[in-house]
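Right, one structure below, let's go through it.
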Amino acid sequence: MLKTHFISDLTPTLDGKEVIVAGWVHLIRDLGGKKFILLRDKSGIGQVVIDRNSQAFQVAKDLTQESTISVKGVVKADKRAPNGVEIHALEIRTLSVAKAPLPLDVSGKVKADIETRLKERLLDLRRPEMQAVLRIQNSVVKAFRETLYSKGFIEIFTPKIIATATEGGAQLFPVIYFGKEAFLAQSPQLYKELLAGAVERVFEIAPAWRAEESDTPYHLAEFVSMDVEMAFADYMDVMHLIEDIFVNMVEYVKKNNEEDLKLLNHELPKVSKPIKKITYKDAIELLQSKNVNIKFGDDISTPELRTLNKELGEDLYFIIEWPASARPFYTKRKDSDPNLSESFDLIFRWLELVSGSTRNYKREVLEEELKARGLNPVNFEYFLKWFDYGMPPHAGFGMGLQRLMLMFTGLQSVKEISLFPRDKKRLVP
RNA sequence: GCCGCAGUAGUCUAGCCCGGUCUAGGAUGAGGGCCUGUCGAGCCCUUGACCCGGGUUCAAAUCCCGGCUGCGGCGCCA
């Protein structure tokens with residue numbers, strides 16, 4: 001047996017009990033006649049004491065940092081120990097010896113550049129800070145799923161190898177599919193809409209790919225997209241849903257990841273319903289009043305969003321009702337003003353986290369909107385044909401997980417969040 | 001892709017402006033020694049580096065040019 005307890009299971013009440021713990025050698029403090037090993041497992045770091053007289057002493061002599069070991073020992077409650085409890089080793093089994101020196105200091109004494117960290121990513125992911133990020137991400141995803149489950153959504157899985165571009169715009173990665181040209185999906189957009197036409201409420205958490213030049217702390221060639229589509233609903237309905245999701249995610253992380261947040265020295269932004277909404281038109285006017293050179297129809301780019309964030313004084317805000325021309329063909333125009341659309345972006349400070357809209361659900365309208373963007377409806381027949389058979393009105397949104405995680409961790413780059421980021425220059429590890 | 005900044009041992013960093021005293025300093029790691037309560041353990045010894053190529057100069061880590069790589073901002077992009 002290699003392990004009977006996780007390190008965090010050990011409490012002073014177990015005093016005198018024989019246990020087996022296993023993990024990585026985080027740090028060794030060698031006092032000559034006595035050694036202390038800080039042993040790390042998924043649950044935390046605990047102290048193993050090795051006395052000169054024990055059998056374990058000889059084995060411990062050859063240990064290196066990050067080697068994996070299994071320790072049979074007796075739990076001792078001792079106020080001198082870091083958690084008030086420690087293990088006095090009887091027997092140590094070396095499971096795997098780590099080479100020294102390590103290419104990255106896991107114990108945190110010497111900080112490494114992001115470049116080194118990504119290159120030596122597995123060691124980086126052993127750092128307590130990165131483990132905290134992973135646990136927070138797990139909570140975020142769990143709260144997202146559970147909010148949607150509670151509202152009757154079901155999780156779907158759509159094809160990631162597709163025949164044609166979904167939205168125009170973004171560049172796709174081509175793949176050779178049994179001798180034919182195909183592409184990696186940039187978004188599950190069209191499939192999730194179709195599925196909402198079958199089961200009403202769907203969501204998907206899956207990778208998406210964009211072959212863009214974008215070289216910023218907010219872009220990845222491969223990212224995780226959290227997508228939702230809801231039939232018999234409009235953009236206002238899905239914004240309410242987003243508010244519920246965000247409130248739940250923040251509450252869940254606050255409750256379950258207190259230690260992780262402390263470790264990252266991060267405080268979550270306050271999120272309460274309703275989240276501030278500003279129309280695109282008002283946003284443009286506000287920017288113009290601050291002497292920003294911008295006009296109706298322009299995209300609101302990062303520098304402008306920074307200004308908006310400052311002026312609004314809100315961490316989280318919706319920009320709603322974008323010009324229809326600035327949105328993809330499936331976005332429904334506003335009945336009262338066809339130049340505008342029933343759309344929204346949710347912005348965290350100056351970073352777009354979510355983008356959504358009411359969708360067009362009438363075939364004629366979709367065909368017109370495709371043509372208006374220079375796209376050929378014939379190429380979208382696989383999608384359009386289903387609109388002949390009772391497609392309900394629907395609305396939905398997509399959210400970038402790595403960007404969302406910046407809000408939950410205080411990290412500065414999605415490359416730090418992604419375990420093995422893919423960008424213009426990185427294909428390994 | 002553009003602009004700015006940077007690249008020094010396994011890792012992190014000082015030195016670069018004002019070229020020579022740099023035989024490149026420190027931390028951490030690694031090897032060795034001392035040490036039975038460390039908790040960033042301590043003390044002593046040892047080890048290991050100027051991104052690549054060209055140029056200026058008596059002399060280049062230091063100045064100049066080009067390349068590569070990274071970071072930030074922007075662009076492209078949801």
message: Tell me the interatomic distance from Met399(A), atom CE, to A78(B), atom P, rounded to whole angstroms.
response: 19 Å

task: Carefully, step by step, assess Trp322(A) and Tyr280(A) under the rule ring-ring contact (aromatic ring centres under 6.0 Å, His included).
output: CA-CA 5 Å; Trp322(A) 290 71; Tyr280(A) 170 85; 5.2 Å; yes

task: Select one nucleotide: of C35(B), A78(B), C12(B), the one nearest the side-chain heavy atoms of Glu352(A).
output: A78(B)

- line: Against the side chain of Val110(A), the closest entry in A78(B), U28(B), U36(B) is U28(B)

task: Report yes if a donor N or O on one partner sits less than 3.5 Å from an acceptor N or O on the other, where the partners are the side chain of Gln47(A) and the base of U38(B); otherwise report no.
output: yes

message: Assess the residue pair Phe329(A) and Phe380(A) against the criterion (ring-ring contact (aromatic ring centres under 6.0 Å, His included)); give the C-alpha distance rounded to whole Å, side-chain angles, the decisive distance to 0.1 Å, and a yes or no.
response: CA-CA 11 Å; Phe329(A) 74 93; Phe380(A) 291 84; 5.3 Å; yes

message: It should be established whether Lys425(A) places a side-chain nitrogen or oxygen under 4.0 Å from OP1 or OP2 of nucleotide G70(B).
response: yes

Within 45° cone of Phe6(A) ring axis and under 6.0 Å: Lys42(A) NZ or CZ: yes

- prompt: Can you tell me how far C1' of U28(B) sits from NZ of Lys111(A), to the nearest Å?
  reply: 12 Å

task: Between C16(B) and G7(B), how far apart are the C1' atoms? Round to whole Å, please.
output: 13 Å

query: How far apart are the C-alpha atoms of Val85(A) and Leu14(A), what are their side-chain angles, what is the distance that settles it, and do they pass the side-chain contact (heavy atoms from CB on, under 4.5 Å) test?
result: CA-CA 9 Å; Val85(A) 66; Leu14(A) 290 176; over 6 Å; no

task: Give a yes-or-no answer on whether the side chains of Asn257(A) and Ser139(A) include a donor-acceptor pair shorter than 3.5 Å.
output: yes

N/O contacts under 3.5 Å, protein versus nucleotides 72-74 of chain B?
from	atom 1	to	atom 2	distance (Å)
C74(B)	OP1	Arg306(A)	NE	3.4
C74(B)	N4	Asp215(A)	O	3.2

query: Reckon Leu27(A) touches a base, only the sugar-phosphate, or nothing at all at heavy-atom distances under 4.0 Å?
result: sugar-phosphate

message: Can you check the distance between A14(B) and U8(B), where both ends of the measurement are the P atom (answer in whole Å)?
response: 10 Å

query: What nucleotide, of U36(B), C12(B), A30(B), holds the atom closest to the side chain of Arg52(A)?
result: U36(B)

Closest to the Arg426(A) side chain, choosing from U36(B), G70(B), C12(B): G70(B)

field: RNA chain B: 5'-proximal contact among Val354(A) and Glu213(A) (nearest heavy atom)
entry: Glu213(A)

Nucleotide nearest Lys34(A) when distance is taken to its side chain, options G37(B), C12(B), C77(B): G37(B)

query: Has the side chain of Arg403(A) got a donor or acceptor that lies under 3.5 Å from a partner of the other kind on the base of A78(B)?
result: no

query: Would you call Arg40(A) and Glu66(A) a salt bridge, taking side-chain N to carboxylate O under 4.0 Å as the test?
result: yes

task: Using the P atoms only, state how far A61(B) lies from C50(B), rounded to an integer number of Å.
output: 10 Å

query: The side chain of Pro82(A) lies closest to which of these nucleotides: C76(B), U38(B), C71(B)?
result: U38(B)

- request: Determine the interatomic distance between C1' on A27(B) and the same-named atom on C74(B); round to the nearest Å.
  value: 37 Å

Rounded distance in Å between the C1' positions of U47(B) and A6(B): 28 Å

task: Between U46(B) and C5(B), how far apart are the C1' atoms? Round to whole Å, please.
output: 37 Å

task: In whole angstrom, give me the gap between the P atoms of A30(B) and U11(B).
output: 15 Å

Close aromatic pair by centroid cut-off 6.0 Å: Phe203(A) and Phe153(A): no

- line: Closest to the 5' end of RNA chain B, once Ile28(A) and Asp423(A) are matched to their nearest nucleotides, is Ile28(A)

query: Between A78(B), C12(B), G10(B), which nucleotide gets closest to the side-chain atoms of Asp345(A)?
result: A78(B)

query: Got a donor-acceptor pair under 3.5 Å from the side chain of Lys109(A) to the base of G40(B)?
result: no

message: I'd like the P distance from G20(B) over to U62(B), given in whole Å.
response: 11 Å

query: Less than 4.0 Å between a side-chain N and a carboxylate O, is that true for Asp15(A) and Lys76(A)?
result: no

